[in-house]
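Some notes on the structure that comes next.
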Amino acid sequence: MLATNSNHASHPADKVLEISPPKFEIDDYALRALEETEEFYQKKYSESEQGNPKEYLVREGLLGKIAELSQRLNSTGGIKDVIRLLLSNSTIYACLIKKALTEDNVQDDDSAGLYSSVMRSIEQLPRRYFLAQVVNKVISAKRVRLKESSKQWQGMAHRQVHEDYAHLQDAIAIIKSEEIVNHFGGRRKSMWNVIEQVAKEDLRMNIQTAALR
């Protein structure tokens, strides 16, 4: 599935909040993680004093300034795929702009400050939250089974065996990706450290991976 904006309803601010998504096929795990990241930020910033971030931008007459910011982001090369994916979600993007203006005290006519604040903010909590959700999805996915009894495997159709193996390979590829290993892999930058750390911090589970290595 191609990476697209996950917002369901059009809003007057959406046009100026359009950021081109990365051109790659997004895994279902990442798609669901993006939706959960959107929900997290929608709730976080809609409950603040200024209300819904998109409504705030319209009410304050900021759409012209935001259009300039979006144009700069769309013309900037070298933005990492994960960052571009997050920015392509207009809700997350609007929340980061609102944060820059109301929490970081950036002036709405300071285009350089607004750009810097958005890029600095998205590298912190949004990125980490999204990556943690991806790993959570991979670890807890019911369809990814590291162990199966011989009886269960004997009763499985040949096609299903290949499908489950493919899902497992996809999950391993996600956990071993550079973005996730750099965040959660510890000093050794290991896939196994990723599983143990995320399971402990986000799933409240102690998983010993030594026997699986």
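For clarity, every value in this text was computed on a predicted model and none was experimentally measured. Residues: numbered from 1 along the sequence shown. For the numbers below, each heavy atom of this structure counts, side chains included, while hydrogens, waters and symmetry mates do not.
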From [X] atom [atom1] to [Y] atom [atom2], the distance as rounded to the nearest 0.5 Å:
{"X": "R127", "Y": "I83", "atom1": "CZ", "atom2": "CD1", "result": "5.0 Å"}
{"X": "K98", "Y": "E60", "atom1": "NZ", "atom2": "CD", "result": "10.0 Å"}
{"X": "R128", "Y": "I122", "atom1": "CZ", "atom2": "CD1", "result": "15.5 Å"}
{"X": "L57", "Y": "L17", "atom1": "CG", "atom2": "CG", "result": "6.5 Å"}
{"X": "E18", "Y": "Y93", "atom1": "CD", "atom2": "OH", "result": "11.0 Å"}
{"X": "D108", "Y": "L69", "atom1": "CG", "atom2": "CG", "result": "12.0 Å"}

So, [X] and [Y], do they make that salt bridge, N to O below 4.0 Å?
{"X": "K54", "Y": "D14", "value": "yes"}
{"X": "E55", "Y": "R59", "value": "no"}
{"X": "D104", "Y": "K99", "value": "yes"}

Inspect the surroundings of CD in E103 and state if more than 12 heavy atoms from other residues, nucleotides or ligands are less than 6.0 Å away.
yes
Hey, is the main chain of [Y] close enough, under 3.5 Å, to the side chain of [X] for a donor-acceptor pair?
{"X": "S70", "Y": "V16", "answer": "yes"}
{"X": "R84", "Y": "S20", "answer": "yes"}
{"X": "S75", "Y": "R72", "answer": "yes"}

Give me the one residue out of V106, N105, D110, I97 that meets side chain to side chain contact (heavy atoms under 4.5 Å, CB included) with S117.
V106
Taking atom types as modelled and ignoring hydrogens, do the side chains of Y56 and T102 form a donor-acceptor contact shorter than 3.5 angstrom?
no
Could you go through the side-chain contact (heavy atoms from CB on, under 4.5 Å) check for I19 and N89 one step at a time?
CA-CA 8 Å; I19 300 297; N89 182 290; over 6 Å; no
Please assess L114 against L101 for the test side-chain contact (heavy atoms from CB on, under 4.5 Å), listing each intermediate value before the final yes or no.
CA-CA 8 Å; L114 190 57; L101 296 171; 4.1 Å; yes
Write down the atom of [X], the atom of [Y], and the distance for their closest heavy-atom approach.
{"X": "M119", "Y": "E123", "value": "O-CG, 3.3 Å"}
{"X": "V134", "Y": "A33", "value": "CG2-CB, 3.5 Å"}
{"X": "T37", "Y": "P126", "value": "CG2-O, 4.3 Å"}

Look at the aromatic rings of Y41 and Y129 and report parallel, tilted or perpendicular, splitting at 30° and 60°.
perpendicular
Apply the test side-chain contact (heavy atoms from CB on, under 4.5 Å) to residues L86 and L96: give CA-CA distance (whole Å), side-chain angles for both, the deciding distance (0.1 Å), then the verdict.
CA-CA 10 Å; L86 289 167; L96 293 173; over 6 Å; no
Test side-chain contact (heavy atoms from CB on, under 4.5 Å) on L85 and F130; report intermediate values, then the result.
CA-CA 10 Å; L85 177 62; F130 169 74; 3.8 Å; yes
